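Read through the structure below, which is laid out as structure tokens, and then see the notes.
Computed from a prediction, not measured in an experiment: that's the story for all the values here. If you read the sequence from its start, that first residue is 1, and numbering goes on from there.
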Amino acid sequence: MARVVHFEIQASAPERLMSFYEALFGWRFQRLGEEDYWVIHTGPGSETGIDGGLLPRRGGVPEDGQPVNGFVCTVDVPSVDDCLARAEALSASVAVPRMPVPGVGWLAYLKDPDGNIFGVMQRDPGAG
């Protein structure tokens with residue numbers, strides 16, 4: 001079975017988005033040689049999850065109201081409400097407010113300062 005092993009974030013201003021994700025999730029970024037590409041370290045290798053990459057966007061910023069044109073990654077967080085408040089303070093916007101996923105947890109979607117959509121999930125089997 002094929003599994004997702006890496007993700008990438010497109011950025012109009014890479015340094016701005018690196019600062020955003022560092023402040024929101026504590027992710028670390030490491031430039032890959034002289035390339036305009038940064039490896040994203042999302043957590044210790046001993047924990048479940050994947051790392052990714054950040055690179056300059058080629059093309060325009062996603063427009064509001066347009067359908068999602070790519071994969072949406074969802075990040076495990078201890079509290080969706082706390083994450084939404086922190087993200088908005090860091091110039092993100094809520095794309096879809098917190099909603100229950102019965103038997104799984106609480107889910108919300110955000111737009112980072114560059115318009116990329118991502119999800120946040122708080123595990124709670126009693127949600128619903």
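- A search for side-chain hydrogen bond (donor to acceptor under 3.5 Å, both in side chains) contacts involving Y21 returns D112, not counting sequence neighbours.
- Partners of D76 by side chain to side chain contact (heavy atoms under 4.5 Å, CB included), not counting sequence neighbours, listed by chain and number: R123.
- R31 places no side-chain N or O within 3.5 Å of a backbone atom of W38 that could act as its donor or acceptor partner.
- Side chain of D51 to backbone of T42: a donor-acceptor contact under 3.5 angstrom is found.
- Side-chain contact check for L84 versus L110: some heavy-atom pair is nearer than 4.5 Å.
- In this structure, the side chains of Q10 and D114 stay at 4.5 Å or more apart for every pair of heavy atoms.
- Between A11 and L17 the shortest heavy-atom distance is CB-CD1, 3.5 Å.
- Distance check: L54 CG to E8 CD gives 9.0 Å after rounding to the nearest 0.5 Å.
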Derivation of the side-chain contact (heavy atoms from CB on, under 4.5 Å) call for I40 and F7:
CA-CA 9 Å; I40 304 170; F7 67 91; 3.8 Å; yes
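- Contacts of S79 classified as side chain to side chain contact (heavy atoms under 4.5 Å, CB included), with partners at least two apart in sequence or in another chain: D81, D82, Q122.
- At least one donor-acceptor pair closer than 3.5 Å links the side chain of D124 to the backbone N or O of G126.
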Distance-only criterion, 3.5 Å: show the donor-acceptor pairs between side-chain atoms of residues 91-104 and protein atoms not counting sequence neighbours.
none

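- Between I9 atom CD1 and N116 atom CG the span is 7.0 Å, to the nearest 0.5 Å.
- Here the side chains of W106 and V77 are not in contact, with every heavy-atom distance at 4.5 Å or above.
- Under the side chain to side chain contact (heavy atoms under 4.5 Å, CB included) criterion, R16 pairs with A13, P113, not counting sequence neighbours.
- L90 CG to C83 SG: the interatomic distance, rounded to the nearest 0.5 Å, is 9.5 Å.
- R28 is not listed as a side-chain neighbour of E22, based on a closest heavy-atom distance of 4.5 Å or more.
- Ring-centre distance between W27 and F118: not below the 6.0 Å cut-off.
- Grouped by direct or indirect side-chain proximity (heavy atoms under 4.5 Å, Ile/Leu/Val/Met/Phe/Trp/Tyr only), V39 sits with L32, Y37, L55.
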